[in-house]
2 protein chains.
Amino acid sequence: MQAEAVSEERLEEWAEFLKALAHPIRLRIISVLIEGKQCVKNLSELLQTSQPNVSQHLGVLRSKGILGCKRDGSIVCYYIKNERVVEIYKILSKEA
Amino acid sequence: MQAEAVSEERLEEWAEFLKALAHPIRLRIISVLIEGKQCVKNLSELLQTSQPNVSQHLGVLRSKGILGCKRDGSIVCYYIKNERVVEIYKILSKEA
DNA sequence: TGCTTATATTATATCATCCTAATATGGATA
DNA sequence: TATCCATATTAGGATGATATAATATAAGCA
């Protein structure tokens with residue numbers, strides 16, 4: 001059974017999605033958020049990375065619809081919005 | 001149950017792996033090779049992409065252990081070596 | 001209002017990736 | 001060996017991604 005050809009647009013979407021994941025800091029962010037939502041400050045401390053840098057990486061993930069966020073007062077909590085990243089993370093984790 | 005922290009090295013490996021996949025032409029190559037192995041010329045024609053460009057993209061995928069190749073005379077056949085890319089491709093395919 | 005904390009944005013320099021064009025390698029065959 | 005076909009490599013400029021530093025926004029509180 002021959003698979004249907006995938007459109008160029010779809011491939012570009014997928015590439016953008018994967019590119020957003022393809023960074024050590026962003027993967028670390030995913031791994032933390034899989035355990036539960038976190039605010040920017042906590043992420044910054046957990047990852048030992050500057051706040052602006054974490055914020056930029058969160059922006060990348062948010063802009064691709066991978067993460068969502070919710071402001072609560074002056075604190076912004078990020079969480080995983082696209083469950084496919086969890087599946088992909090699991091595949092990466094189950095190492096040979 | 002708390003997941004064990006993933007090492008920085010591991011995260012960098014994963015990022016490299018995902019970065020190798022994160023390109024429309026390389027995803028197209030994967031989609032073709034999922035259907036069966038192919039030589040460079042066929043890939044170049046199927047993707048309507050110049051031979052040197054296809055060769056470069058194949059080199060990227062090969063260098064990350066994603067593809068393997070086998071020379072048969074003057075023809076080189078590429079095939080999927082790391083089955084994880086098939087799983088990831090499936091996750092991308094089963095679109096909402 | 002002024003101050004502090006939390007987060008986001010912008011600018012910039014550096015480094016990586018991309019495609020194209022040109023060239024090189026390597027096997028087959030006349 | 002000369003030539004052809006298949007593939008790989010290299011060099012180039014263009015574009016994109018990155019981290020840092022500096023600055024901006026925005027909420028809470030004295």
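Just so you know, these numbers come straight off a predicted model, no measurement behind them.
Scored by the side-chain contact (heavy atoms from CB on, under 4.5 Å) test, B:Gln56 finds B:Asn53 as partners (sequence neighbours excluded). Scanning for side-chain contact (heavy atoms from CB on, under 4.5 Å) contacts around A:Lys41 gives A:Cys39, A:Glu45, with sequence neighbours left out. When the side-chain contact (heavy atoms from CB on, under 4.5 Å) test is applied to A:Glu83, the partners found at least two apart in sequence or on another chain are A:Ile80, A:Val86. Take A:Glu16 and apply the side-chain hydrogen bond (donor to acceptor under 3.5 Å, both in side chains) test, not counting sequence neighbours, and it matches A:Lys19, A:Lys64. Evaluation of the side-chain hydrogen bond (donor to acceptor under 3.5 Å, both in side chains) rule for A:Glu12 yields no partner, not counting sequence neighbours.
The heavy-atom pair separating A:Ala22 from B:Ala15 by the smallest distance is CB-O, 3.6 Å. Annotation for B:Glu8 and A:Pro24: closest pair OE2-CB, 3.8 Å, computed over non-hydrogen atoms. Across every non-hydrogen atom of A:Leu92 and B:Arg84, the tightest pair is O-NH1, 3.1 Å. Contact detail for A:Ala20 and A:Ile66: the closest heavy-atom pair is CB-CD1, 3.8 Å. When all heavy atoms are compared, the tightest approach of A:Ser44 to A:Ser50 is OG-C, 3.8 Å. Nearest heavy-atom pair, A:Val6 versus B:Arg28, reported as atom, atom and distance to 0.1 Å: O-NH1, 2.7 Å.
Using a 4.0 Å cutoff to heavy atoms of chain B, the contacted part of DNA chain D runs 5' to 3' from D:dA6 to D:dA11.
Using a 4.0 Å cut-off on heavy atoms, none of the residues of residues 57-70 of chain B approach DNA chain D. Less than 4.0 Å separates DNA chain C from at least one heavy atom of each of the following residues of residues 19-29 of chain B: B:Lys19, B:His23, B:Ile25, B:Arg26.
Within the structure, ring-ring contact (aromatic ring centres under 6.0 Å, His included) pairs that include any residue of residues 62-85 of chain A do not occur (at least two apart or interchain). For residues 14-37 of chain A, the pairs satisfying ring-ring contact (aromatic ring centres under 6.0 Å, His included) are A:Trp14-B:Tyr89, A:His23-A:His57, with sequence neighbours left out.
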Distances for protein N/O vs nucleotides 1-4 of chain C N/O pairs under 3.5 angstrom?
none

Quick test: give all pairs of protein nitrogen or oxygen and nucleotides 20-30 of chain C nitrogen or oxygen below 3.5 Å, distance rounded to 0.1 Å.
| unit_1 | atom_1 | unit_2 | atom_2 | d |
| --- | --- | --- | --- | --- |
| C:dT20 | O4 | B:Gln56 | NE2 | 3.0 |

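For the pair A:Leu46 CG and C:dA6 C1', the interatomic distance rounds to 16 Å; values are reported in whole Å.
Clustering ILVMFWY residues whenever any of their side-chain heavy atoms sit less than 4.5 angstrom apart, transitively, puts B:Leu46 in the very cluster that holds B:Val76.
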